[in-house]
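Encoded as structure tokens, the structure appears first; notes follow it.
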Amino acid sequence: MSDPVAPEAEKEPSSPVLVGTLTFAGLMSGLLIVGAWQLTLPAITAHKAESLKATVFEVVPGAASIQRLAWDGGALVAKEAPATQQGPAEPVVYGAYDQGGKLLGYAVPAEGPGFQDTISLLYGYDPDSKTILGMRVLDSRETPGLGDKIFKDLAFVGAWAGLPTETVPVIVGKGKKTEAHQVEAISGATISSKAVMRIITTSHAEWTPRLPLRADAPAPAPSAAAETP
Amino acid sequence: MTPAPDRTAEELLKGIWRENPIFVQVLGMCPSLAVTNSAVNAVVMGLATLAVLVASSTLVSLLRRFIPAQVRLSTYIVIIATFVTVADMTLQATLPTVHKQLGAFIALIVVNCLILGRQEAFASKHGVKLAIADAIGMGTGFTLALTILGSLREVLGNGSLFGFPLFGDHYEPWVVMILPPGGFIMLGLILMTFNWWKERKQAATAGGAA
């Protein structure tokens, strides 16, 4: 109305102009996103670290303090996260200790492909009884209403507590659980349920040989004992 | 044509009531139904959409003479997607819990037809001032509508508002209202009330003129 432009009447712009416009738009968009990423990254990392800590206490019930344990290729060592990350991240688990500083279990972070995007989760593991103590999804973009039940469906989330791992656990159909090592799939989200199982079993196979029994576990660093929830 | 003095105010107000994106235009139904299961989610979703809409409309209006008509839609989408990504990261940095609740729906603001619709129908044809007024109006209308929907659903389905319990222990929450069917039921009821009110007003004006 106020701008009487009739595109049909104008001369057709040449292809380079069209390509140039889109290239420019893409470039500007990239710059803006990188800028925003740089600005928000510290806060996002801090939040993630905080929620990870809180989650450790959820997957290892009864824990009073936690200690970051890094795998240096031959043994687990108590070690705080480096302030700035250089090179590839070292494999890490979190030891969860009771009031007396005795190990209760390990909280193992793991991730893998889900139905849509990477699912990252944390599970608690007791090396003595060889059982999973609990599972929490940290980050996922599964289908709202279906796949997101991997953390919204409390029956599914609860099913991981006390799951024995001597026989490799498997996902079975809803209502078909007959043995202890089976977990019932969420109806409508079989792929997401299986993804969670695959992430845990893969990570478990990798970590079991590295995690010493409770008695041989590395002691928490003195500062870690003060770190109560 | 120079805009009349009150044109800006008119463009601002039309989105809030007369052309409300949800209650009148029935646009952007996907987020409106999916995330309005609590008042907080609805408000945050509305504000995120408002921010993206205002930023996109401003830019599209500023660049409207430089964007060739043949690639305008792709350019609009690039602009919108950029702002959505920025909004997504900002939200993740400031309100991580709400961000987790909203999940994929923040990213899905890109495909909210309300935003692309306003670029094509308004921002690309008007000056910056009017485009911003239109975007603020439409965004506010969207936020208000989502808040109404979210509050009603939370009160009925969870017995609380913005997380604060309203009723005593005797209240049995009407759980279906915070589940997906509740979204459709509540939206239907609101649209019905809205249209009934509009028709009654029209009938009153027609009756008065006769």
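Because only heavy atoms are used, hydrogens play no part in the values below, and waters and symmetry mates are left out as well, while side chains stay in. Chain letters run A, B, ... following the sequence lines, proteins first, then strands; residues in each count from 1.
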message: Using a 3.5 Å distance criterion without hydrogens, assess whether the side chain of B:Gln25 forms a donor-acceptor pair with backbone atoms of B:Glu19.
response: yes

- prompt: Side chain, backbone, both or neither: which part of A:Leu31 has a heavy atom under 4.5 Å from chain B?
  reply: neither

- prompt: Side chain, backbone, both or neither: which part of B:Thr75 has an atom under 4.5 Å from a heavy atom of chain A?
  reply: both

message: Quick check on A:Ile33 against chain B: is it the side chain, the backbone, both or neither that has a heavy atom closer than 4.5 Å?
response: both

- prompt: Where does B:Ala34 contact chain A at under 4.5 Å (heavy atoms): side chain, backbone, both or neither?
  reply: neither

- prompt: Within 45° of the ring axis of A:Phe156 and under 6.0 Å from its six-membered ring centre, is that where the NZ or CZ of A:Lys177 lies?
  reply: no

statement: Exactly one of A:Leu52, A:Leu138, A:Ile199 clears side-chain contact (heavy atoms from CB on, under 4.5 Å) with A:Ser120, and that residue is A:Leu138

task: Would you confirm whether B:Gln119, through its side chain, and B:Ile115, through its main-chain N or O, come within 3.5 Å as a donor-acceptor pair?
output: yes

task: Pick one of side chain, backbone, both or neither for B:Asp88, based on which atoms fall under 4.5 Å of a heavy atom in chain A.
output: side chain

- prompt: Just by distance, with hydrogens left out, do B:Ser160 and B:Glu154 show a side-chain donor and acceptor under 3.5 Å apart?
  reply: yes

Region of A:Val34 that comes under 4.5 Å of a non-hydrogen atom in chain B: neither

query: What part of A:Ser29 is in contact with chain B, defined as an atom under 4.5 angstrom from a non-hydrogen atom: side chain, backbone, both or neither?
result: both

message: Counting heavy-atom pairs closer than 4.5 Å to chain A, which one of B:Val71, B:Val86, B:Ile79 comes out on top?
response: B:Val71

task: Please work out which of the three classes, parallel, tilted or perpendicular, describes the rings of B:Phe194 and B:Trp17, given edges at 30° and 60°.
output: tilted

